[in-house]
Amino acid sequence: MRIGIDGLFACNNYGGLSIYSKQVIHHLLQIDAENEYLLFVEKESNVPVQPQSNLDIVALEKRPETTDFKDFYDARVVWDQEILSQAVEMSGIDLFFGPVFMAPLKRSCPAVITVHDLIFITHPEVYPVQTLGYYGVWGRLCAENAEGIVTISQDTARLLQERYTLPHEKISVTYAAAEESLKPADTTEDVSKIQEKYNFKPNYVLYVGGTFPARKNYQTLIRAYAQLPKEIRHKHQLVFLTGSKKGSGVRKMNEFFQAEGFSSEITEDIVVIDFVEREELTSFYQGATLFVYPSLYEGFGLPPLEAMCCGTPVVTTTAPAMSEIVAEYGMLVDPLDVTEMAQAMENVLTEPQLQDTLSQKGLRRAQDFSWTQTAKLTLQAFDQVMRSQ
């Protein structure tokens, strides 16, 4: 079987969607020597895999240049429905795989797509109108048109059946996972290096997730942290990673501090850091006393799992995917209850036995997920679609 894969997100850094694309492509190639793969990428891309005996990298025309959200989504429609569509027609593939929601509607072969979430339907208020238009129109068309769909949580599978009335046999759940490099630290050397480089103290509380989109709910975390007793804040700084490469995260956080009227007594205990390299992120997880993830809604929620892989206790929310992935292996709180979140943080930070219990529970839970298993289940979804043709 010749399988064509959309490599657009695998060649770019678009957060969790790119991580998923890179990992599932890499592990499909690791476990499957029988099928032939074609990876469709933009020319001059930073391709994350090398050509090999069963992989050809097909460089295609680049999308139009973009300057804002509207341009980005307009350009992606060109990629999905024009550039990829032509490439699929010419390639003679037997099946197309779209790791990030989309597939060409005009094609001569069946398609399997990954639908990561339906947040644009369940929580439209957290997205710009351009995002809603793109996923609301094209996302639905591609989901209804695809012969097979994989999702990364049971919650998204359920929503697909409810909101799009798709038959359950068309949908497979293939949980995402954390990278193999994420594990408890053997030494404190790398953690000490990042503390020195970014100027923060040990025993810190960590947040990874950025300030966009609004569903990340970072405001509740900051307000909860501000409620902690002064002596706890001074002992346990909040290290807030925005993920921004252009300084916009630090700027946005400073604006939020001013709007909230936080005193320097609070803000001096909050260390805001923009983009860090992926290798450094592992050390941030490993050194944290507590990881807090206040999200309102996730399709999967990779950062809490990454923290658990490193043995870091997790406080997150009762959002559906968090209840499914973290469950009783962390502490779950109402995402909009500032006082409840503050109390959960204080409990973990002041009770060493609770820290150890959550650490051990998280490590056990992390063993339930692997990218190899994700790839195996994805390959099964491919085979199921081909058998039904």
Worksheet item: Going from CG on Leu206 to CG on Leu290, what distance comes out if it is rounded to the nearest 0.5 angstrom?
Response: 9.0 Å
Worksheet entry | Result of checking Arg76, Arg63, Lys62 against Glu42 for salt bridge (charged side-chain N to carboxylate O under 4.0 Å, His left out) | Arg63
Discussion item. Side-chain heavy atoms nearer than 4.5 Å, only ILVMFWY residues, links allowed to pass through others: does that put Leu84 and Val77 together?
Written reply: yes
Worksheet item: With hydrophobic residues grouped by side-chain heavy-atom distances under 4.5 Å, do Val41 and Val58 end up in a single group?
Response: no
Fill in: Whether Trp371 side chain and His27 backbone form a donor-acceptor pair below 3.5 Å
no
Discussion item. Distance check, rounded to the nearest 0.5 Å: Lys252 atom NZ versus Thr211 atom OG1?
Written reply: 4.0 Å
Worksheet item: Are any non-hydrogen side-chain atoms of Val173 and Ser153 less than 4.5 angstrom apart?
Response: no
Practice prompt. Can you label the angle between the Phe240 ring and the Tyr207 ring as parallel, tilted or perpendicular, going by 30° and 60°?
Written response: tilted
Worksheet item: If you measure only the distance, is there a donor-acceptor pair under 3.5 Å linking the side chains of Asp356 and Ser359?
Response: no
Worksheet entry | Arg107 and Glu147 ion-paired at < 4.0 Å | yes
Name each donor-acceptor pair under 3.5 Å that joins a side chain in residues 381-389 to protein atoms two or more places apart or in another chain, with its distance.
unit_1	atom_1	unit_2	atom_2	d
Gln384	NE2	Glu169	O	3.0
Ser388	OG	Val385	O	2.7
Gln389	NE2	Val385	O	3.2

Worksheet item: Side chains of Tyr218 and Arg223: closer than 4.5 Å at any heavy-atom pair?
Response: no
Practice prompt. Determine yes or no for a side-chain-to-main-chain donor-acceptor pair under 3.5 angstrom, with Asn217 supplying the side chain and Pro294 the backbone.
Written response: yes
Fill in: With Phe257 via ring pair (Phe, Tyr, Trp, His ring centres under 6.0 Å) - residues at least two apart
none
Discussion item. Using side-chain hydrogen bond (donor to acceptor under 3.5 Å, both in side chains), reason through Asp269 and Tyr204 one step at a time and then give a plain yes or no.
Written reply: CA-CA 10 Å; Asp269 292 324; Tyr204 55 93; over 6 Å; no
Worksheet item: Can you tell me how far NE2 of His234 sits from CD of Glu231, rounded to the nearest 0.5 angstrom?
Response: 8.5 Å
Worksheet item: So if you build clusters from Ile, Leu, Val, Met, Phe, Trp, Tyr with side-chain heavy-atom gaps below 4.5 Å, do Val338 and Ile222 land together?
Response: no
Practice prompt. Quick one: pull up CG in Asp56 and CZ in Arg2 and give me the separation to the nearest 0.5 Å.
Written response: 7.5 Å
Discussion item. Which residue in the set Asn54, Leu28, Leu379 passes side-chain contact (heavy atoms from CB on, under 4.5 Å) when paired with Asn35?
Written reply: Leu379
Worksheet item: Tell me, do Ile5 and Tyr37 make a side-chain contact under 4.5 Å, heavy atoms counted?
Response: yes
Practice prompt. Give a yes or no on whether Leu105 and Phe97 share a hydrophobic cluster (residues Ile, Leu, Val, Met, Phe, Trp, Tyr; joining criterion: side-chain heavy atoms under 4.5 Å apart).
Written response: no
Worksheet entry | Ion pair check, Glu179 and Arg278, cut-off under 4.0 Å | yes
Discussion item. Measuring centre to centre across the rings, with the benzene-like ring taken for any Trp, is Phe9 within less than 6.0 Å of Tyr14?
Written reply: yes
Practice prompt. Step through it carefully: locate the ring centre of Tyr134, locate the ring centre of Phe120, and say whether they are under 6.0 Å apart.
Written response: no
Discussion item. For Thr114 and Tyr20: C-alpha separation, side-chain torsions, deciding distance, then whether side-chain hydrogen bond (donor to acceptor under 3.5 Å, both in side chains) applies.
Written reply: CA-CA 10 Å; Thr114 302; Tyr20 171 87; 2.9 Å; yes
Discussion item. Would the distance check show the side chain of Thr316 and the main-chain N or O of Tyr293 forming a donor-acceptor pair, the cut-off being under 3.5 Å?
Written reply: yes
Worksheet entry | Thr374 side chain to Ser370 backbone, donor-acceptor under 3.5 Å | yes
Fill in: Min side-chain heavy-atom separation Ile149-Val112 under 4.5 Å
no
Worksheet item: Okay, side chain of Glu324, backbone of Gln154: is any donor-acceptor separation there less than 3.5 Å?
Response: yes
Discussion item. Looking at Glu189 and Lys193, is any side-chain nitrogen of the basic one under 4.0 Å from a carboxylate oxygen of the acidic one?
Written reply: yes
Practice prompt. Decide yes or no for Val333 and Asp337: does some side-chain heavy atom of the first lie under 4.5 Å from some side-chain heavy atom of the second?
Written response: no
Fill in: Sidechain N-carboxylate O distance under 4.0 Å for Lys216, Glu298
yes
Discussion item. Could you check, using the six-membered ring where one of them is a Trp, whether His116 and Phe300 have ring centers closer than 6.0 angstrom?
Written reply: no
Worksheet item: To the nearest 0.5 Å, how far apart are OG1 in Thr122 and OH in Tyr297?
Response: 4.5 Å
Discussion item. Between Ser323 (side chain only) and Thr318 (backbone N and O only), is there a donor and an acceptor less than 3.5 Å apart?
Written reply: yes
Fill in: Heavy-atom side-chain contact between Leu281 and Val208 under 4.5 Å
yes
Worksheet entry | Side-chain donor-acceptor pair present, Tyr175, Gln373, cut-off under 3.5 Å | no
Practice prompt. Check the angle between the aromatic planes of Tyr135 and Tyr73 and answer parallel, tilted or perpendicular using the 30° and 60° thresholds.
Written response: perpendicular
Worksheet entry | Main-chain N/O of Asn12 paired to Ser18 side chain as donor or acceptor, under 3.5 Å | yes
Worksheet item: Taking a hydrophobic cluster as the set of Ile, Leu, Val, Met, Phe, Trp and Tyr residues connected by side-chain heavy atoms closer than 4.5 Å, whether directly or through intermediates, do Leu296 and Ile152 fall within one such cluster?
Response: no
Practice prompt. Output yes when a side-chain donor or acceptor of Ser244 lies under 3.5 Å from a complementary backbone atom of Ser248, and no otherwise.
Written response: yes
Worksheet item: Below 4.5 Å, heavy atoms only, C-beta onward: do Leu354 and Asn347 meet side chain to side chain?
Response: yes
Discussion item. Would you say that Thr312 contacts Met308 through its side chain, given a criterion of any heavy-atom pair below 4.5 Å between the two side chains?
Written reply: no
Worksheet item: Asp117 and Thr156: side-chain donor and acceptor closer than 3.5 Å?
Response: no
Discussion item. Working to the nearest 0.5 angstrom, can you tell me the gap between Leu241 CG and Tyr285 OH?
Written reply: 8.0 Å
